Amino acid sequence: MTRPDTASTPDATTRPAWGRRVGIIAFSVVAGVIVLALIAASVITYTVARSFPQRDGEISLGGLSAEVVVERDALGVPVITADSTDDLFFAQGYVQAQDRFWEMDFRRHVTSGRLSELFGSSQLGTDMFLRTLGWRAIAEEEVAALDETTRSYYDAYADGVNAYLADHDGADVSFEYAVLGLQNPDYEIEPWTAADSVAWLKAMAWDLRANIETEATRALAAQDLTPEQLAVLYPEYPFTENPVIVPEIIAPPEEQEDADETDADTASASSDGDAGTTASVAWTEVDDVVEAVGLLVGGAGEGIGSNSWVLSGRLTDTGMPLLANDPHLGASLPSVWHQVGLKCRTVDESCPFDVSGFSFAGLPGVIIGHNDRIAWGFTNLAADVTDLYIERLDGDAAWKDGELVPLEVRTETVVVAGGDDVELTIRETGHGPIISDVSAQYAAIAADPYVGTSNDAAPPADVPDGEYAVSLRWTALDVGTTATAIFTLNTARDFADFRDAAAAFDVPAQNLVYADVDGNIGYQTPGRLPIRGAGDGALPHPGWDSAYDWEGFIPFDELPVVYNPDEGFIVTANNALVDEDYPYTLTRDWDYGYRAARITDMIERRAANGPLSAEDMRQIQADNQFQVGIRLLAAMTDVRTGDADVDDALDLLATWDAQNDADSSAAAYANVLWDELAQNLFTREREAPAPLSNQSRLFLVVEDLLADPESEWWTNDGIGVRTQEEMLTVSAEGAYARLTELQGENMTLWNWGDLHALELRSETFGSSGIAPLEWLFNRGPVPVGGGSSVANATGWDLGGGFETLTVPSMRMIVDLGDLDASAWQQLTGVSGHVFHDNYTDQVELWRTVELAPWPFSPAAVTANAQHTLTLTPAD
């Protein structure tokens with residue numbers, strides 16, 4: 001068995017940024033020896049391959065009512081054709097279990113706070129935090145509330161997963177179970193349930209939860225920085241420079257004719273809801289369980305966001321709309337997405353599905369994609385749907401408007417592999433769970449709370465006596481309807497149906513773009529967006545004063561919508577949704593719009609020269625222009641250090657085209673210079689360091705500072721700098737020294753791609769600290785271009801190294817003139833099985849921003865098929 005050429009197993013003591021990653025880092029000595037023995041004996045060859053899915057021939061299964069055909073192309077993408085919805089989703093469950101069951105099983109342990117059952121006591125912190133949030137309990141309530149038809153989809157899917165598990169166990173399911181068995185031999189796979197599927201929607205809502213980290217970081221910064229300093233560090237959105245998504249609300253024709261049509265939606269949307277062997281796996285230390293949870297479900301790190309845009313046919317070479325989408329999520333192996341086609345042989349009311357796109361392993365249906373009539377894409381809305389409340393407690397009660405209100409208190413048992421069970425007490429106020437009980441970060445806020453009024457609201461009521469705590473109000477902790485909305489979206493026939501789906505798509509709050517085969521384009525804000533009383537959610541609110549409670553949700557018919565705008569295109573890139581005249585407060589923490597401005601500019605420039613093609617769309621997705629680099633070029637024009645080598649590097653910078661291409665030496669220097677400047681300005685040797693999160697925000701901050709040479713931020717006595725000129729000079733020198741240490745003194749050998757490389761690490765055993773295990777599960781490093789707030793958004797953390805952490809997790813371009821001419825890709829591949837052909841076969845497509853054909857019509861699917869599996873009813 002050979003390892004792909006991209007393999008890399010750097011020494012665990014030298015690999016950068018290990019401390020930030022959640023992963024298994026140590027087996028016991030005995031377990032490590034066993035692993036090495038397995039490899040040496042070549043037993044692993046058989047163990048890995050035995051879990052590969054059957055892709056051809058016939059499988060007889062109890063639970064099917066008729067024959068189902070599964071056709072796979074060279075990338076392993078399954079297209080499933082069935083006579084009924086029960087058989088269709090049964091087969092989807094079976095096929096996703098074939099490809100990804102370890103991932104599915106791991107995810108359900110994450111969402112239910114049961115990782116300790118897999119990996120032992122090292123996971124108690126994350127389990128306790130997730131149990132406190134209560135994702136699993138909310139998912140079970142949502143399942144119980146499903147209508148009969150939707151419930152049948154989830155149950156059929158679970159039946160399909162369980163049909164696969166009935167004939168497969170342990171290493172027959174996935175090689176990871178063989179490794180797990182070395183330290184947790186008593187583990188048994190449980191049957192799949194509908195709640196296991198729905199719970200993952202909570203994880204994705206957490207991944208895209210908007211500003212909770214920003215609110216927490218700002219609250220901690222407020223303990224040391226003045227309000228004036230915070231105002232500099234958190235500027236308002238630059239409305240005069242960068243675009244908003246919906247400059248003017250344009251309702252579809254039927255609503256313009258009848259403004260009362262959505263009264264039913266308004267009524268429902270505007271009311272506030274009620275809310276054996278010792279397991280020796282240890283996981284990498286992180287700053288806090290909140291960061292750990294984020295990494296487990298994908299991470300809300302630098303660069304989380306997305307791009308999507310849609311063009312009217314009057315701007316395209318086909319005369320029909322083109323729709324592009326590339327959601328930005330934390331890098332993972334396997335990718336978060338599982339590509340799939342779901343087709344009823346006869347599309348009718350009883351079996352209405354003819355859809356293809358990107359699903360999550362463990363979830364029936366398609367999340368993003370197209371059917372035979374419409375296409376849709378998502379980007380994170382970035383609306384503020386989470387609020388922190390500073391609570392004042394007296395025993396098991398919280399103060400509210402001068403009275404003590406009893407807390408809701410419950411106890412749960414956390415089962416620990418190889419150890420004793422742990423009892424967890426969970427406390428909730430009327431706002432939500434008390435998270436300072438299980439998070440050091442939020443405990444630090446409670447220890448020295450800063451209560452914000454933020455929007456010129458009246459000061460909070462006097463603080464009562466008692467202890468401080470921090471609770472979380474979050475839309476995803478209410479029972480919601482996203483689990484149903486997925487199927488409404490999958491079967492939508494027009495913009496009205498699309499909006500019906502959007503109305504039910506409550507969490508996570510997303511921007512939804514739309515196009516159809518009739519030539520229409522559109523946009524709709526979905527989700528459950530809160531109406532706040534006092535305060536705007538930028539800083540924690542006083543929990544003891546009801547004036548700061550949520551007052552309900554924005555009525556659906558008052559949410560932004562656009563239908564066939566005059567411009568002929570719609571762009572969303574996590575930028576501001578609306579201008580300052582919109583009557584509701586959505587957030588203060590948009591992305592600051594650099595990606596949106598660049599995409600809009602590219603569309604307008606290309607449209608001025610003629611119709612745009614699908615290739616133009618791809619080139620826009622691949623664009624590497626680094627906006628802050630342009631500003632750095634201007635700022636460094638007159639900087640001379642007197643050091644010939646550093647000045648040569650500045651001369652190199654002066655020749656740069658501001659494109660963060662992987663092979664660019666100037667891009668390498670520019671990004672290191674940006675990192676040095678940011679650290680020197682805000683953190684290095686400062687008594688009160690400022691947050692480095694959100695490069696988009698800091699682009700604007702530094703741009704403003706460059707226009708203000710007298711700003712206090714140019715003085716940093718800790719590094720001996722007192723002027724703007726000195727700060728730029730020191731940063732240029734530091735960048736040269738740092739880059740020569742990383743890539744040598746020969747500037748022709750500098751390159752951004754290696755500096756910014758992506759390590760594809762398995763979410764579980766890929767960070768073991770045991771080289772042979774890492775060799776098995778991981779791939780990379782992969783040299784990549786792009787960067788933060790770049791259209792090709794490969795995010796990295798300022799002050800934490802240049803490794804790519806967040807990525808365009810998939811890319812798609814849908815051609816509404818010919819759906820078979822559409823194209824797609826994802827980060828890794830369809831398969832979750834190490835060494836399978838489809839484990840990482842899309843990585844090179846992803847790296848070079850090339851897209852694979854995406855056949856849709858039955859004839860095109862069959863012509864492109866490399867494998868055909870027939871599932872038949874058991875006798």
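Keep in mind it's a predicted model, so treat the numbers as computed, not measured. Just so you know, residue 1 is the first one in the sequence shown, and it goes up from there. In what follows, every heavy atom counts, from backbone to side chain, and hydrogens, waters and symmetry copies are set aside.
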Report task. With ring pair (Phe, Tyr, Trp, His ring centres under 6.0 Å) as the test, would you mind laying out the steps for F682 and W713 before giving the verdict? Result -> CA-CA 8 Å; F682 303 119; W713 289 99; 5.6 Å; yes
Requested in this report: Test Q621 against R811 for side-chain hydrogen bond (donor to acceptor under 3.5 Å, both in side chains), laying out the working first.
Outcome: CA-CA 8 Å; Q621 289 181 331; R811 298 182 179 98; 4.9 Å; no
Requested in this report: Tell me, with the steps shown, if F498 and Y523 meet ring pair (Phe, Tyr, Trp, His ring centres under 6.0 Å).
Outcome: CA-CA 10 Å; F498 170 78; Y523 165 89; 8.8 Å; no
Report task. Please report the C-alpha distance between Y584 and E558 in whole Å, then the side-chain angles of each, then the deciding distance to 0.1 Å, and finally whether the side-chain hydrogen bond (donor to acceptor under 3.5 Å, both in side chains) criterion is met. Result -> CA-CA 9 Å; Y584 299 102; E558 296 182 41; 2.6 Å; yes
Query raised in the report: Stepwise, does the side-chain hydrogen bond (donor to acceptor under 3.5 Å, both in side chains) test hold for E710 with Q724?
Result: CA-CA 8 Å; E710 304 306 315; Q724 183 185 90; over 6 Å; no
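The side-chain tip of R218 points at the ring of Y234 from less than 6.0 angstrom away and within 45° of straight on. Because its NZ or CZ atom is both nearer than 6.0 Å to the ring centre of F553 and within 45° of the ring axis, R528 counts as a cation-pi partner of that residue.
A salt bridge links D387 with R532; the closest basic N to acidic carboxylate O contact falls under 4.0 Å.
In the model, N574 has a side-chain atom that pairs as donor or acceptor with a side-chain atom of R595 under 3.5 Å. A donor-acceptor contact closer than 3.5 angstrom links the side chains of Q695 and S788. A donor-acceptor pair shorter than 3.5 Å cannot be found between the side chains of N307 and N325.
Of the candidates Y594, W796, F699, F626 forms a ring pair (Phe, Tyr, Trp, His ring centres under 6.0 Å) with just one, namely F699. A side chain to side chain donor-acceptor pair (under 3.5 Å) with D549 is found for exactly one of R473, H541, K400, namely K400. In summary, of the residues considered (Y548, Y389, W544), a ring pair (Phe, Tyr, Trp, His ring centres under 6.0 Å) with H431 occurs for Y389 alone.
In this structure, F505 has its ring center under 6.0 Å from that of F378.
Panel note: side chain S306, backbone H328; a donor-acceptor pair is recorded below 3.5 Å. When atom types are taken as modelled, the side chain of W135 and the backbone of L201 share no donor-acceptor pair closer than 3.5 angstrom. At least one donor-acceptor pair closer than 3.5 Å links the side chain of T683 to the backbone N or O of Q679. Side-chain N or O atoms of N680 include none that pairs as donor or acceptor with a backbone N or O of A678 at under 3.5 Å. N624 places a side-chain N or O within 3.5 Å of a backbone atom of G786 that can act as its donor or acceptor partner. At distances below 3.5 Å, at least one donor-acceptor pair connects side-chain atoms of T482 with backbone N or O atoms of D506. Within the 3.5 Å criterion, the main-chain N or O of I426 finds no donor-acceptor partner in the side chain of T132.
Note: F360 and W200 have perpendicular aromatic rings, judged against thresholds of 30 and 60 degrees for the angle between ring planes.
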